[in-house]
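Below: the structure, in structure tokens.
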Amino acid sequence: MSLSRSFPRLRKRADFLRVARGRKVARPGLVLQMAPQERADGQLEPSKARVGFTASRKVGNAVARTRAKRRLRAAAQEILMTKARPGYDYVLIARQATLTRSFPELLDDLEKALQMISNPRSPNRRREPTQ
RNA sequence: CCAGAUGGUCGGAUGGCCGCUGGUUCGCUUUGCCUUCGGGCGGGCGGACGAGAGGAAAGUCCGGGCUCCACGGAAACACGGUGCCGGGUAACGCCCGGCGAAGGUGACUUCAGGGACAGUGCCACAGAAAGCAAACCGCCUGCCUUUUGCAGGUAAGGGUGAAAGGGUGCGGUAAGAGCGCACCGCUGCUCUGGUAACAGGGCAGGCACGGUAAACCCCACCGGGAGCAAGACCAAAUAGGGAUGGCAUUGGGCCCGUUUCCGGGCUGCCAUCCGGGUCGGUCGCGCGAGGCGGCUGGCAACAGUCGUCCUAGAGGAAUGGUCAUCCGAAGGGGCCUUCGGGCCCUGGGACAGAACCCGGCUUACAGACCAUCUGGCUAU
């Protein structure tokens with residue numbers, strides 16, 4: 001496979017709506033959604049995980065929203081590159097705290113959210129409940 | 001030095017690590033397309049080089065380019081907009097220069113600034129009276145026996161009001177009044193200066209003609225509509241359509257000739273192609289009323305000319321993330337002081353993200369700097 005450090009992006013509205021129907025986990029700095037990809041006929045190998053980013057008007061004006069998405073993108077590049085599951089699509093939703101939280105905290109939020117969403121019944125969830 | 005006015009410029013800096021978008025170029029690769037079999041185009045991966053948000057990118061309020069639709073030309077009506085004069089501009093409701101009015105000691109600022117003899121309407125409350133003249137109090141004259149009162153004159157005084165039929169002064173008068181005169185204002189005619197708005201003057205008239213057009217309205221000028229989700233192209237799927245060929249045309253259904261017989265038309269299935277145009281993709285989409293600098297003309301807006309530069313192009317929307325160092329006004333605290341201030345700590349980085357592109361306007365904005373000018377203080 002390629003040595004690229006980037007990952008495919010979700011760009012279509014239909015993809016975002018599909019992932020929104022999947023599993024969902026909230027952390028102080030972000031909300032993570034995940035759903036399995038639709039495989040083409042005859043496709044055996046799962047394709048690379050894809051990621052999308054969203055910020056609603058609650059986060060702030062246009063400047064605040066794009067900045068929140070940029071921080072999420074930088075965090076996703078560090079975490080999801082290695083730990084995302086192939087064959088799944090992820091959506092990261094910005095919150096108001098996305099802008100104020102320090103970057104290490106944001107990375108920690110994303111890592112915990114990824115663990116929780118991948119093992120919904122693991123002891124992790126009970127030991128560290130969200131909110 | 002302090003306070004202020006106007007115009008303009010900028011709007012964090014440097015570096016490390018990791019990324020994104022599109023461009024040029026090199027290498028590897030290719031179940032795609034074309035091929036004269038050399039290759040070319042396209043796709044994928046990687047490397048190198050240089051580029052990548054704003055003064056408002058914002059609000060979407062005006063003016064244009066561009067695109068599609070409508071329309072024979074022109075005009076009129078309706079509707080909407082603009083409204084002192086001259087100039088600038090592709091155009092404007094914008095800009096520049098002037099005029100008038102208002103404010104400021106001043107630099108300067110502000111302005112819905114055409115028409116009230118075309119017509120209609122309105123002018124609340126108060127007040128005697130609000131557009132046509134009018135007498136509430138008062139003043140004066142006469143009558144009457146005095147008070148009460150009656151008749152008449154009077155717009156100078158009081159009172160009301162946003163506004164009361166010119167203002168001030170002198171004369172005049174019973175008291176008054178443009179009744180007379182002077183000055184100011186007004187109206188008409190006229191002269192001078194100015195392209196003009198307008199300004200200044202002369203003569204005449206005793207003064208008549210109130211305000212309101214961000215009330216209807218009148219006049220002059222301007223305007224066809226919708227917008228890049230415009231629009232053009234490629235094109236899975238699906239509904240319906242067409243052409244050709246094959247099968248069926250035994251039969252069924254419907255329609256027509258009144259019915260039967262007989263005849264005609266429509267209706268079926270499959271394949272290929274055309275056409276269609278959804279998801280998706282490509283273009284539109286970056287050389288332009290272009291930026292910067294000089295010279296010339298102009299008070300200026302701006303124009304002309306010469307040189308030079310090419311400078312974002314996304315699409316759940318790139319133009320960054322992170323770390324370090326530096327810089328940063330007011331305010332607060334401390335120390336020093338030659339009372340001008342200096343040093344240290346703290347504090348503290350605004351408004352805001354291109355979405356087809358230009359010209360404006362409006363609104364938001366931490367802070368820094370420059371130029372010109374005004375008023376004041378001090379010194380020479």
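Small disclaimer: the values here were computed from a predicted structure and weren't measured. Note on naming: letters A, B, ... go to the chains in the order of the sequence lines (proteins, then strands), and numbering restarts at 1 for each one.
- Looking at heavy-atom distances under 4.0 Å, A:Arg65 makes no contact with the nucleic acid at all.
- Rounded to whole Å, the P atom of B:G119 lies 25 Å from the corresponding atom of B:C85.
- Taking 90° from 0 as the syn/anti boundary, the base of B:U282 is oriented anti.
- B:G185 and B:G100 have their P atoms separated by 16 Å, given to the nearest Å.
- Atom CG in A:Leu72 sits roughly 22 Å away from atom P in B:C18 (whole-Å rounding).
- Distance check: A:Arg85 CZ to A:Leu114 CG gives 9.0 Å after rounding to the nearest 0.5 Å.
- Across B:G360 and B:C49, the matching P atoms stand 40 Å from one another, rounded to whole Å.
- Pairing of B:U259, defined by two Watson-Crick or G-U wobble distances under 3.5 Å, is not identified with any nucleotide.
- Nucleotide B:G55 carries a syn base; the chi torsion (O4'-C1'-N9-C4 or O4'-C1'-N1-C2) is within 90° of 0.
- Using a 90° window around 0 for the glycosidic torsion, B:A208 falls inside it and is classed as syn.
- For the pair A:Ile79 CD1 and B:C18 C1', the computed distance is 14 Å after rounding to whole Å.
- Straight-line distance between the P atoms of B:C357 and B:A57: roughly 12 Å, to the nearest whole Å.
- Between A:Arg73 and B:C20 there is no side-chain N or O to OP1 or OP2 distance below 4.0 Å.
- Glycosidic conformation, B:G340: syn, with the torsion inside 90° of 0.
- Both distances falling under 3.5 Å, in either a Watson-Crick or a G-U wobble arrangement, occur for no nucleotide opposite B:G159.
- Computed from coordinates, the A:Glu78 CD to B:C323 P distance equals 11 Å when rounded to whole Å.
- Atom pair A:Leu106:CG and B:G320:P shows a separation of 19 Å (rounding to whole Å applied).
- The partner of B:G19 cannot be assigned: no Watson-Crick or G-U wobble pair with both contacts below 3.5 Å exists in any strand.
- With a cut-off of 3.5 Å on both Watson-Crick or G-U wobble distances, the partner of B:C122 is given as B:G211.
- Searching all strands for a Watson-Crick or G-U wobble partner of B:C351 with both distances below 3.5 Å returns B:G54.
- Base pairing of B:A303 is made with B:U296, judged by Watson-Crick or G-U wobble geometry with both donor-acceptor distances under 3.5 Å.
- Within the 4.5 Å cutoff, side-chain heavy atoms of A:Arg67 are placed close to those of A:Leu99.
- For B:G205, the paired base is B:C186 (Watson-Crick or G-U wobble, both distances below 3.5 Å).
- Rounded to whole Å, the P atom of B:G157 lies 15 Å from the corresponding atom of B:A163.
- Remark: side-chain polar atoms of A:Arg65 are not paired, donor with acceptor, to backbone N or O of A:Arg57 under 3.5 angstrom.
- Straight-line distance between the P atoms of B:C266 and B:G281: roughly 46 Å, to the nearest whole Å.
- One can place CZ of A:Phe53 at 15 Å from P of B:G315, the figure rounded to the nearest angstrom.
- Look at CD on A:Gln77: it is 15 Å from P on B:A318, rounded to the nearest Å.
- Rounded to the nearest 0.5 Å, atoms OG1 (A:Thr54) and CG (A:Leu92) are 9.0 Å apart.
- Across B:G353, B:G321, B:C18, the shortest atom-to-atom separation from the side chain of A:Thr66 is found for B:G353.
- Computed from coordinates, the A:Leu92 CG to B:G321 P distance equals 17 Å when rounded to whole Å.
- The gap from the C1' atom of B:G86 to that of B:C299 amounts to 14 Å, rounded to the nearest Å.
- Mapping A:Arg71 and A:Ala55 onto RNA chain B by nearest heavy atom places A:Ala55 at the nucleotide closer to the 5' end.
- Annotation: side chain of A:Val31 is in contact with side chain of A:Arg95 (closest heavy-atom distance under 4.5 Å).
- Proximity of a side-chain donor or acceptor of A:Gln96 to a complementary backbone N or O of A:Lys58 within less than 3.5 Å is detected.
- Separation of the P atoms belonging to B:G225 and B:G353 is 32 Å when rounded to the nearest angstrom.
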Test log, rule side-chain contact (heavy atoms from CB on, under 4.5 Å), inputs A:Arg50 and A:Asp15: CA-CA 10 Å; A:Arg50 299 184 300 173; A:Asp15 288 330; 4.0 Å; yes

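- Taking 4.0 angstrom as the limit, A:Lys12 places a side-chain polar atom (N or O) nearer than this to OP1 or OP2 of B:G281.
- No side-chain donor-acceptor contact under 3.5 Å links A:Arg101 to the backbone of A:Leu106.
- A stacked arrangement is assigned to A:Phe16 and the six-membered base ring of B:G316, with a centre-to-centre distance below 5.5 Å and an interplanar angle below 30°.
- Whole-Å rounding puts the A:Phe103 CZ to B:U322 P distance at 6 Å.
- The partner of B:A129 cannot be assigned: no Watson-Crick or G-U wobble pair with both contacts below 3.5 Å exists in any strand.
- Base orientation at B:A368 is anti, since its O4'-C1' glycosidic dihedral falls outside 90° of 0.
- Along RNA chain B, the nucleotide nearest A:Ala75 and the nucleotide nearest A:Val63 are compared for position; the residue whose nucleotide lies closer to the 5' end is A:Ala75.
- Residue contacts shown for A:Asn61 are limited to sugar-phosphate atoms, with no base heavy atom under 4.0 Å away.
- Distances shown here put every side-chain N or O of A:Arg70 at or beyond 4.0 Å from the OP1 or OP2 atom of B:G353.
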